[in-house]
Structures are given as C-alpha cells and as structure tokens.
Amino acid sequence: MTGPWTPLTAEDPLDGMRARLTEEAALLGYEPQDGYEDRCWVLHTVYEDGRPVRWSELFARTGHRIEEWRWTLSYLMFESLGLPDELDGPSGGEIDRDCLARLVEILALYSPHGPDEPVRAAQAPIESTPRPAGAWQGRLGDAVAHLDARRESDIGENFPANWWAVEGSWFVLTDWDLSATEVFGSAALVAALLADPGLEAVRHPPVSALPSGTPRWPRS
C-alpha cells in the first residue's frame with residue numbers, strides 16, 4: 001500500500017534521531033557531522049516565465065558565481081541583484097515538488113530496496129516547539145505523495161526537515177532558513193547528484209562551517 005507517510009508517536013526514538021533533534025544546534029534541522037562518505041547541496045528550483053532556470057545562469061547575468069558566496073544557500077542570494085521580478089522561487093525551508101521528485105528517483109538508485117526503501121522523517125523542532133517534533137515513517141517512493149498531502153492539509157507545516165534511509169545509506173536535510181537541500185551519502189550517490197541534468201547540485205560548505213555576519217556578495 002502506498003500513500004503519505006505514517007505518523008509516529010512522540011515516544012518513538014527515531015533510530016536515535018529524537019535525542020539529536022533536541023540539541024540546540026538542531027533547532028532548524030539536524031546536520032550530520034560524520035558517518036557519510038560525501039555530501040552536496042541540491043538547489044531548489046527557480047522558475048522564470050514558467051520555465052526552470054539554473055541559479056548559476058541567473059547569477060552569471062549579474063557577474064557573480066555561486067562559488068563566490070560564502071554564506072548559507074538562501075533567498076538572500078537573490079536580493080539586491082536586479083534580477084527579474086517574475087522569478088518564482090526558490091522555496092525556502094521546504095524542497096519544491098519537482099526537485100523532490102527527481103531527488104527521490106536518484107536516491108532510489110542508491111538504496112538497497114529502491115523506491116521501497118524504508119524511510120523515517122522528522123520536522124525541524126522550530127516548527128513544533130514546545131511540542132516534540134512531528135515524525136513519520138514510510139517508503140522512499142511515497143515522499144512526493146507525503147509532500148502533496150501536507151500541502152493539501154490545513155496543518156501549515158513544511159515537508160520534514162530531515163528524512164533518511166533506515167538502513168543508513170543516506171540522509172537529507174532542508175534547514176528551515178535555506179533554499180537548498182543537503183544530501184549525505186556515498187561518493188557514488190553524490191557524484192550522481194552533481195552530474196544529473198535534472199537537478200542543480202553544488203558543493204558548498206556545511207552550515208556548521210559557514211561564517212556568521214551579514215550575507216552579501218563580494219564587490220565586482
């Protein structure tokens with residue numbers, strides 16, 4: 001049977017993740033510091049006049065490259081650059097549907113059970129404070145159905161900030177503040193994400209390694 005992921009009780013330890021989600025550093029989403037061979041960022045889709053357009057293309061129009069940005073990958077990158085007003089996206093704090101659908105297809109290729117891979121997921125604690133973070137379990141292949149169900153409900157909560165393969169091959173984070181999704185896994189999985197023409201994936205430092213201060217592009 002397929003469909004949206006099934007809710008879990010607040011007593012479920014989530015493979016040990018429940019305790020990690022209570023840490024202050026995990027308030028906006030939990031970011032693993034070790035345990036995975038490689039990692040990259042998948043940029044959420046931006047649309048111009050109804051068609052997807054790559055972040056790199058947009059920034060090149062203003063004389064910038066993503067590699068120059070020293071801060072988190074967020075909506076702040078698009079401010080004060082004179083980009084077209086009709087741009088739609090990227091979504092912040094939640095992966096967009098098109099991006100999620102393609103990410104799921106690639107994750108399935110690197111999961112022992114393909115789209116049937118058992119998955120667990122949890123909200124960022126900031127969405128649930130002071131309640132325990134909402135959590136679910138289900139099939140990898142039902143991630144898009146879960147996103148659709150969340151959007152059709154009146155709950156008003158984002159797609160889970162963290163979701164991961166129960167057997168441990170990969171882990172996904174969409175930080176509450178960001179417009180990109182961080183994926184952790186094998187070197188082969190990350191290489192596939194970086195090479196996929198249907199996604200725009202980049203190497204960028206983890207949130208934990210980025211500086212504090214006021215985000216801004218370097219002067220041209």
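Just so it is clear, the structure is predicted and the values come from calculations on it, not from any experiment. Position 1 is the first residue of the sequence; numbering continues from there.
Without hydrogens or angle criteria, W55 side chain to L58 main chain gives no donor-acceptor distance under 3.5 Å. No donor-acceptor pair closer than 3.5 Å links the side chain of D15 to the backbone N or O of M17. Without hydrogens or angle criteria, S74 side chain to L76 main chain gives a donor-acceptor distance under 3.5 Å. R18 places a side-chain N or O within 3.5 Å of a backbone atom of D12 that can act as its donor or acceptor partner. Counting only distance, with no hydrogens or angles, the side chain of W5 and the backbone of R139 share a donor-acceptor pair below 3.5 Å. N162 places a side-chain N or O within 3.5 Å of a backbone atom of Y30 that can act as its donor or acceptor partner. Remark: the backbone N or O of A133 is not paired with any side-chain donor or acceptor of Q123 at under 3.5 angstrom. Judged purely by atom type and a 3.5 angstrom limit, Q137 has no side-chain atom pairing as donor or acceptor with the backbone of L8. Side chain of D142 to main chain of A145: no donor-acceptor pair is present (N/O by atom type, distance under 3.5 Å, no hydrogens or angles).
The two residues I66 and V202 have their closest heavy-atom pair at CD1-CG1, 4.5 Å. In terms of heavy atoms, T181 sits closest to T174 at OG1-OG1, 2.6 Å. Between E48 and P84, the shortest heavy-atom distance links the atoms OE2-CG, 3.4 Å.
In the displayed structure, Y75 atom OH is contacted under 6.0 Å by at most 12 heavy atoms of other residues, nucleotides or ligands.
In this structure, the ring of W71 has its center no less than 6.0 angstrom from the ring center of W217.
For the pair L189 and Y36, the minimum side-chain heavy-atom distance is 4.5 Å or more. Contact of the V104 side chain with the L140 side chain is registered, since non-hydrogen atoms from C-beta on lie closer than 4.5 Å.
Using a cut-off of 4.0 Å between Lys/Arg side-chain N and Asp/Glu carboxylate O, R102 and E105 are scored as salt-bridged.
Of the options E182, H204, E31, a side chain to side chain donor-acceptor pair (under 3.5 Å) to R39 is made by E182 and by none of the others.
Defined by atom type and a distance below 3.5 Å, a donor-acceptor pair is missing between the side-chain atoms of D98 and T45.
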